[in-house]
There are 2 protein chains.
Amino acid sequence: MKAFQSYKNPSLAVDLVVFGYHNNILSVLLLNRKEEPFKDTWVLPGAFVQMEETFLHTCCRVLQTKLGMDNVYLEQLYSFDAIERDPRGRAVSVAYFALVNPQKFTVTAGQMANDVKWFPVKKLPVLGFDHKEIFKMARQRLQSKILYAPVSFELLDDLFTMTELHELYECILEVELDRRNFRRKILDAEYIVNTGTKREGLQNRHPDLYRFNRKLSKHHFHLNIATN
Amino acid sequence: MKAFQSYKNPSLAVDLVVFGYHNNILSVLLLNRKEEPFKDTWVLPGAFVQMEETFLHTCCRVLQTKLGMDNVYLEQLYSFDAIERDPRGRAVSVAYFALVNPQKFTVTAGQMANDVKWFPVKKLPVLGFDHKEIFKMARQRLQSKILYAPVSFELLDDLFTMTELHELYECILEVELDRRNFRRKILDAEYIVNTGTKREGLQNRHPDLYRFNRKLSKHHFHLNIATN
DNA sequence: GCAAAAGTGTTACCCATACACCCATGA
DNA sequence: TCATGGGTGTATGGGTAACACTTTTGC
């Protein structure tokens with residue numbers, strides 16, 4: 001057995017679709033490029049995969065050094081391979097999506113970028129490379145994933161009200177959901193736990209605070225959402 | 001803007017999980033390796049991605065040259081990146097799965113392999129590399145995909161009976177499904193079309209022959225299968 | 001007390017399930 | 001005419017959607 005020759009291989013990069021949610025708005029984190037190609041254009045954060053690191057490691061490197069984030073939910077999305085997707089040469093990109101609570105981090109532009117900013121998914125600028133396509137797929141994946149897997153809490157504070165969770169689902173799915181039926185479904189699924197405490201300081205009745213049920217029974221949870 | 005330097009990049013390969021179905025048995029196509037590493041061991045068919053080709057192109061190359069197949073259903077599965085997955089050095093693999101009607105092709109071992117064979121998914125040999133892991137994920141993906149997308153017909157002849165389709169679903173999902181309820185669901189979904197012809201030459205009543213509905217209405221089809 | 005939001009309960013209906021029954025064919 | 005598999009129909013019940021009502025808070 002011989003080791004691999006120094007065959008030429010496509011460049012291998014990781015690109016991240018980082019979702020954040022705040023004030024009833026779903027946003028994505030974008031970088032403004034400092035260099036060609038796509039100078040001064042917004043793109044998804046990313047980096048080349050080093051010889052000795054896994055994709056997840058590359059993701060964390062990007063999150064830490066470029067965005068100052070750590071300990072976020074990450075999931076592989078898809079690998080993009082169009083021949084001409086990068087004008088510098090053949091480059092394959094493995095896309096990941098991340099779910100973040102933007103409250104927990106303050107993003108600042110690293111050396112490589114002019115700027116880093118949250119953009120509401122409804123008001124995206126033109127994106128460089130094929131990043132629009134990557135974003136679209138990530139958005140779809142999030143919409144379906146939230147129906148059968150407990151990922152939504154990654155976007156919220158540790159404690160949250162039923163209304164906040166409800167609004168999050170409506171925002172991501174882009175549909176109206178009956179408040180009371182939503183509540184029952186979520187509770188029946190043992191998705192979340194009532195902490196007994198209440199959120200104070202607001203007008204009106206103080207809502208119960210919930211926390212996600214870490215030891216969620218594995219029995220296939222599926223939110224049977226009516227798309228009205 | 002400068003082109004990519006000759007940085008060293010991980011090797012990039014495509015591996016294929018080719019599913020075939022016949023006689024109520026779901027099988028996977030495996031190669032027996034002629035060389036180290038994993039000499040004389042069964043593995044998934046695959047190839048390295050050339051600089052100027054897309055993943056799909058690599059897939060087709062493998063299917064044609066190594067297996068003598070063309071025009072099969074292909075879908076990207078996942079990218080595998082464990083550092084030590086290939087003893088020859090760092091190699092990333094983009095896995096695809098394929099759905100094939102084995103009746104349509106006769107597989108013969110190419111130059112690179114000792115042998116090529118269909119293995120029932122219930123009787124798999126030990127697999128080289130991390131191919132067991134890849135296979136498992138493909139199997140799961142097929143199980144879920146068949147519930148919400150019209151892919152099952154890729155495994156059948158153009159014309160088929162309701163019973164044949166029914167048995168296919170039971171085989172893939174590994175559950176028993178009520179014959180009559182299955183029929184109604186499939187028909188309500190306008191999933192298939194009755195051709196008006198019947199399969200003859202059998203004992204008993206001659207069953208209707210169906211064909212898949214190519215112009216399947218896009219309205220989100222979902223087979224609500226009871227897992228009893 | 002009023003408005004607004006949050007918590008709880010109820011009804012009606014749809015649809016999936018679990019069946020029974022009839023039909024066609026070969027032996 | 002009998003056994004076997006294939007086609008068609010139906011009743012029941014569980015669960016979802018669409019509701020109304022009560023409770024709590026700030027002003």
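Every chain is numbered from 1 and lettered A, B, ... according to where its sequence line falls, protein lines coming before strand lines.
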For B:D188 and C:dC14, give me the distance from atom CG to atom C1', rounded to whole Å.
-> 13 Å
Test side chain to side chain contact (heavy atoms under 4.5 Å, CB included) on B:T58 and B:Y96 and set out the steps.
-> CA-CA 11 Å; B:T58 315; B:Y96 275 70; over 6 Å; no
Nearest to the side chain of A:R179 - C:dG7, D:dG7, D:dC19?
-> C:dG7
Test item: side-chain donor near acceptor, A:T161 and A:T163, under 3.5 Å | no
Nearest whole angstrom, please: distance from the C1' of C:dA16 to the CG of B:L147.
-> 15 Å
Of B:R184 and B:T161, whose nearest nucleotide on DNA chain D comes first from the 5' end?
-> B:T161
Set of residues satisfying side chain to side chain contact (heavy atoms under 4.5 Å, CB included) with respect to A:D157, sequence neighbours excluded | A:N101, A:Q103
Integer-rounded Å distance: D:dG5 C1' and B:H166 NE2 = 13 Å
Closest non-hydrogen atom pair between B:V62 and B:P45, with its separation | CG1-CB, 3.9 Å
Interatomic distance, B:L187 CG vs D:dG9 P [rounded to whole Å] | 12 Å
Determine, step by step, whether A:L30 and A:H131 satisfy the side chain to side chain contact (heavy atoms under 4.5 Å, CB included) criterion, reporting the C-alpha distance in whole Å, the side-chain angles of both residues, the deciding distance to 0.1 Å, and the verdict.
-> CA-CA 10 Å; A:L30 298 177; A:H131 289 186; over 6 Å; no
Could you walk me through whether A:S27 and A:H22 pass side chain to side chain contact (heavy atoms under 4.5 Å, CB included), step by step?
-> CA-CA 8 Å; A:S27 300; A:H22 187 54; over 6 Å; no
The complete set of salt bridge (Lys or Arg N to Asp or Glu O under 4.0 Å) pairs with one or both residues in residues 54-71 of chain B, sequence neighbours excluded, reads B:E53-B:R61
Set out, line by line, the N/O atom pairs under 3.5 Å between protein and nucleotides 2-4 of chain D.
residue : atom : partner : partner atom : Å
D:dT4   : O2   : B:N204  : OD1          : 2.9

What parts of residues 194-201 of chain A reach DNA chain C, counting only heavy atoms under 4.0 Å away?
-> none
Going by atom type alone, with no hydrogens or angles, which donor-acceptor pairs under 3.5 Å involve a side-chain atom of residues 112-120 of chain A and a protein atom two or more places apart or on another chain?
residue : atom : partner : partner atom : Å
A:N114  : ND2  : A:N32   : OD1          : 3.0
A:N114  : ND2  : A:R33   : O            : 2.9
A:N114  : ND2  : A:D40   : OD1          : 3.2

Can you tell me how far P of C:dA16 sits from CG of B:L177, to the nearest Å?
-> 14 Å
Those residues that, when tested against B:S93, pass side chain to side chain contact (heavy atoms under 4.5 Å, CB included) (two or more places apart) | B:D15, B:R85, B:I134
Consider the side chain of A:D178, meaning its heavy atoms from C-beta on, and name the nucleotide among D:dG6, D:dC19, C:dG7 that approaches it most closely.
-> D:dC19
When rounded to whole Å, the CZ to C1' distance for the pair B:R183 and D:dT8 reads 8 Å
B:H206 side-chain N/O to C:dC23 phosphate OP1/OP2 under 4.0 Å = no
Starting from C1' on C:dA5, measure out to CD on A:E164 and report it in whole angstrom.
-> 13 Å
Between D:dA18, D:dG7, C:dG7, which nucleotide gets closest to the side-chain atoms of A:D208?
-> C:dG7
Does a nitrogen or oxygen in the side chain of A:R180 sit under 4.0 Å from OP1 or OP2 of C:dG9?
-> no
Can you check the B:L202 CG to C:dG26 P distance for me, whole Å?
-> 9 Å
